[in-house]
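In this text, all values refer to a predicted model and were calculated from it rather than measured experimentally.
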Amino acid sequence: MAAVKASEVRGDPPLLRAAELARVVAGEGAGIPSADLAGILVSNLCFAHNSPSLWKLVGQAMASRLLCPLNVLALLTPRVLPQRRAQPEAYRLYLELIKCNVTSPSLFMEAGPNRDKITKSIADALQLLKNYGYCGTEFGHVVIMFVLALVTKLIDSILEDCGFPSGMAEGQESVYAIEGPQPMDLDVKKVPTENQNEHREQLRRKNTVMALDVLHMMVADRKIQSFLRLIFLNMPEKFSSLSQRLSSIEAHKVALETLLPSGHKINDLLIDIQKVCNANYQPNNKHIVDVLGNMRSGGSLLGQLTGAGRAACWIIFDIYVENAIDGKHLSGISAIEVLKEVTKTLQVLNEASWQETFKALWISALRLVQRAREPLEGPIPHLDARLCMLLALIPLSVAAILKEESDMFGAEGSKILPRRQGLISSLQDLIQYSGLLVPPSSVVNAANSAASKAAIFKSNYNAGVVNSSMVAQIDSSTKAVGNMLHLIIEACISRNLIDTSAYLWPGYVVSSGPLKDTTLPQESPWLNFIKGAPLSGPLIDALVATPASSVGELDKLYNIAANGSEEEKTAAAKILCGASLVRGWNIQEHVVGMVVKLLLASLPSDSSTSTPGSINHYLAQMSTLNEILLGLSYGDAIHILSLYGTVPDVAAALMPLCEAFGSIAPPPNHKSTILGETSVYSVFSCAFLCLLRLWKFYRPPQEYCLAGRGGSVRMELTLDYLLLMRNNRIDLSNSSAPSRDSYDNMGSVNEVPAQPVYIDSFPKLRAWYFQNQACIASTLSGLCNKNPVHQVANKILSMICRKMNKGGISSGNLSSASSSSVSGSSVSASDDSFQRPAFPAWEFLEAVPFVLEAVLTACAHGRFSSRDLTTSLRDLVDFLPASLAAIVSYFSAEITRGIWKPVPMNGIEWPSPGASLHSIEAEIKEILASAGVQIHSCYPLMLSYNLSGGVPPMLPLPMAALVSLTITFKLDRSLDCIQGVIGQALENCAGGSSWPSMPIIASLWTQKVRRWHDFIVLSCLRSPFGRDKDAVAQLVQSCFSSFLQSSSSGSDITANRGVGALLGDSITNQGLRLPMAPGFIYLRTCQTFHDTYFVSEVILKQVIEWSHKLANGCFFNGPPQLKSGRTSLSCAASMARQVAMLGAGLLCISGGSLVVQVLYEETLPTLLLSAREQSLKDPGPVSSTLQGYAMANMLFFCGSLLWGADRISPVMKLSLFSRRPRVVGTHMDFIAGVLDGHILLGCDPGTWKAYVSRFVFLVVKFVPSWLRDIKLDTLKKIAAGLRSWREYDLALSLLERGGPQAISAVVETML
């Protein structure tokens, strides 16, 4: 200060005084800018030496960077602001300093001890620890906290000066309080005159206006906005202090605009700060816009590409729902959860309103029902599953979405929140789509009943009837024509998504006309049940055939099933697993939960199978369990349970049942299980076969690895995985109650015991599980004569060979032919008790593979005829139906190994497919040809065989034995547990064989059940794609062609828009309808593709090729505006986005998370590093850019569909989410390596620039949370590369969303 005073005495100008200060500071060895000097000057300035010359000196020192401007302002703020009324001159000069320095472009400081000292000085001056709880000293964090504190305090000053309370929360200590004595001069002039008082009062008023101007200037500055956005994104709890001030400004906005001359800036101030808070704030993606034709004058390309109203962008809905109803592949995750996440993701990606989003979802589900509204006759028609999707799963997923909104915003009185309003509007829009609302014939009565209910309500409402009981009554004289919308509305009302005011919507109730079904409505049998009618035979049959209409009816039934007499329990269980489970759409989630609870309730308290008490408990529950298990085996029941995500819970409930009943020996007089009576073997077999249907127990060995890679082909369900999912759910529900919010609408579906289940708790099941895996993996090892399994196997051989023994063939001679050394002495055929072993089921199953090897080897060596082999296998299944599992598993493995000679299917030794083989194969070729797939004939010699005795069709011996066994079963309801296993087993065995087997199998089954002809032919369409990669490539190409060649027509969401051509409007219409949609075939066959990585490469290449065609105007049947001009380019880009969306949907369905992972880590990087194909060399700037644009879209869509675009549900995280940080991080590292010059590219530079710009743009815009897991160094390299392309906004936004780790990088970039 001595030097300052001496310079002042000499009359030096401010610049020379600042130079003198710099000389003194340098002489003392202090760093510049100096934190100590700033402290000394500010402490004297406030207010011991409060003179204009000292203010000028401080200003000059800040301008020359002798002092750090941020440091000086931080020191001045807590001193000047509290005294702004007493020291208006100082306040005015303080505001001038802010105006000149806070947005200065040269505030950057090199890292070092001096910067650290200044950082600490700023933090201490603003008391960041006390006011904001921030205790760090990192430069970037302190700078943004300085900006937040300064903006907040200026707002408080303006509010207080205008006579309004500041926005501080109640009880919060004033941020202006200064602890300890301060050397302040409250009145420098000492004796102010009246003129001076008036002058200072005017200065105070001008200061308030200037404070608003300074504040407006700050928040409008791009740098300040970036700093505030960093706080909003990374420290929302600290940003809340600014939010409170904004609320105060909003509350007094009108008064402030009146009081202040520049009050119009209040609105600008709010808008600028709201830009910071707006999650949809986006950078300008300039590169793609520039390359695609300089379309700035014609509107934003982004709006044309991703705006609402792009109907084809909803194709993912259609793909998912169609794939989900394929009951051949069960899922352990609830379709409700998947639909909820997919719906939220597409709503974000398409930037659509909730009305449009829900409308697209409903229409996709309606199209799903219409696609097979008259299902083919077969064992599993799947119409029930389609209706379940439309009328139960989608309403429940919508309910979960609405619940998230209500939990977030709470109940706001009678106000309807946006998502619920969107749902109501979407349902009202459906009225106009009469073509999609035509009900299938099986639900016409239900639709008419729903319409009549609405007509009664409307009639009573118009008549002024307000008694709810009168409104709800059934008036048989009032009839109305119903459609699918009436069923949808009932499903929504039953789940409280909407209220009965929907009955009054215009056009909802149609005047009565000629009804399709003239059957008079009858009183529901559930009314008699509720009134107390006993569960007699006729009433039971009626309740089984009629779904319940309310949860109250179900509760009463469940109470009987849990606490009634044995007969009542059995009847209640049968009813519960009847129509209410399959077609009770309005209450289906409750039925599913009750069925699972009944299975769990049948277990003893200790779940032990070794004590006599537990055995007696199981035996007492045998009849009830038998009815439940038979009900679950019927039709779509297991599939419906899978759609509700209960497969892990059902598996956990079935395992102790299998363990218990498999350990109990049957009575000595047990002869056959397939006779309808309930026995230990029948209950065990039903439970065991139901358990096996939940996972792929017979998976062939080649599916354990990939071509050229290790690991699993896809995430197939296994018993271990099911238990892991269930136990993780239990841990999740125990650790976090809110995590189960999405399940609340499902009633008791997810009410599972708190204890996890492990396979080690069931030693018998565990032993069979490992034996089955060993049987699949390798051939059987030999058994010594004294082995207990050897003895059981010999007794089983004696039982199944008793007929042959009577003809002179002994079991001992038969078994001696076995390579497994199952041998023994001949057994007397007359000893029937010996020939029917009374072993527990587990011991029986353990010996079955050795028996199978014995009889198969004997047949191969001519010791056993084909007829005898089939008969013995059938006897084995009749005795213990669970043996079918061992037969399927063993034969599947043997077929895959290819060690058995083929046998002629000539009608002599083995059944002959006859002439139907040729017709079946011709039909398959015709159907595939209609879908654009050409295949070769599998049996070119078949015709010559029929005419001149040529080579007959042949099958491997195990395959011939298996198919011969399956055609011996009758089509009986009691055999549903068997039929549910053998159908898929045959397809998988055929797929595991190198021999073309499926057409022969189809021919044999068509001869057996002619009315199933179309169903069987449709099932055969999978067979050519198992190993024929060329057929797979043709199918994928046909999917793209069909979708794109028709998607340009019409903008309405129900226009053809490619969905009809891709998936078909109607697959069945009095038989199979041609041409068959390629997308439908793809979804039915994609799970059979052995090399899914080949499929992903084909899809990616199709995306690139179609982008090239679009860029060059080679668009078939496309709109004429693609010829030239700005509109053509935007249309091409929009179509390229649709191409990417289709590719992402097809790839995710066929390969799942593992293929998406490889796409990120290997497939796409390899493509970018490789040289361009000859056909795509020198594609031109537009084509190159569009290819990169499409590839980026596809990669991003794959990831976002799999991992979600927002906070993903905990249940989905368990199976899909954990890979995302590593996968995305690896890909971003690759991009950074190329941009940093460490990796050389082979693709076109334009393609690379478009790809990187678009991918980073999409991540920043839609999934910024992904960036928090990316390494900071990677983000810096990518940002540097983007800046080199003049993508400054995109580079900044990338760093802004990089999490707390990137704050300093953003600040240093901006400073």
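Between L535 and I575 the shortest side-chain heavy-atom distance falls below 4.5 Å. By the 4.5 Å heavy-atom criterion applied to side chains, F969 and R874 are counted as neighbours.
Distance alone, capped at 3.5 Å, is enough to place a donor-acceptor pair between the N988 side chain and the Q984 backbone. In this structure, the side chain of Q588 engages the main chain of V582 through a donor-acceptor pair within 3.5 Å. Proximity of a side-chain donor or acceptor of S642 to a complementary backbone N or O of I638 within less than 3.5 Å is not detected. Side chain of N559 to backbone of D555: no donor-acceptor contact under 3.5 angstrom is found. Put simply, the side chain of E659 gets close to the backbone of K764: a donor and an acceptor are under 3.5 Å apart. Using a distance-only test at 3.5 Å, with no hydrogens or angles considered, no donor-acceptor pair links the side chain of T646 to the main chain of D649. The closest donor-acceptor contact from the side chain of S883 to the backbone of L880 lies under 3.5 Å.
To the nearest 0.5 Å, the span separating CD on Q621 from CG on L598 amounts to 9.5 Å. Taking CD1 from I899 and CG from L957, the interatomic distance works out to 10.5 Å, rounded to the nearest 0.5 Å. Here the CD atom belonging to E567 is positioned 9.5 Å from the OG1 atom belonging to T624, to the nearest 0.5 angstrom. A distance of 7.5 Å separates CG in L330 from CZ in R693, rounded to the nearest 0.5 Å. Summarising the geometry, atom CD1 belonging to I1001 is positioned 5.0 Å from atom CG belonging to L986; distances are rounded to the nearest 0.5 Å. Remark: L632 CG to H639 NE2 distance equals 14.5 Å, nearest 0.5 Å.
Judged by distance alone, the side chains of D720 and Y769 do bring a donor and an acceptor atom under 3.5 Å apart. For the residue pair T870 and W910, no side-chain donor N or O sits within less than 3.5 Å of a side-chain acceptor on the partner.
Of all the heavy atoms in A548 and L554, the pair that sits closest is CB-CD2, 3.8 Å. Here the closest heavy-atom approach between residue A961 and residue L856 is recorded as CB-CD1, 4.5 Å. Heavy-atom minimum distance, R897 versus C775: NH2-O, 2.7 Å. Annotation for V851 and A793: closest pair CG2-O, 3.7 Å, computed over non-hydrogen atoms.
In this structure, W768 has its ring center no closer than 6.0 Å to that of F762. Aromatic pair W842/F684: centroids less than 6.0 angstrom apart. Centroid-to-centroid, the aromatic rings of Y681 and F879 come within less than 6.0 Å. Aromatic pair F891/W900: ring centres not closer than 6.0 Å.
Of the options L629, L722, L654, a side-chain contact (heavy atoms from CB on, under 4.5 Å) to L691 is made by L654 and by none of the others.
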Practice task
Walk me through it: do D875 and M799 pass the test side-chain contact (heavy atoms from CB on, under 4.5 Å)?
Solution key: CA-CA 8 Å; D875 288 343; M799 177 191 71; 5.6 Å; no
Exercise for the section: Run the numbers on V647 and I333 for side-chain contact (heavy atoms from CB on, under 4.5 Å), then give the verdict. Expected result: CA-CA 8 Å; V647 166; I333 302 176; over 6 Å; no
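With sequence neighbours left out, P911 forms a side chain to side chain contact (heavy atoms under 4.5 Å, CB included) with M905, S964, I967, L1004.
Geometrically, K795 does not engage F839 in a cation-pi contact, judged by NZ or CZ lying under 6.0 Å from the ring centre and within 45° of the ring axis.
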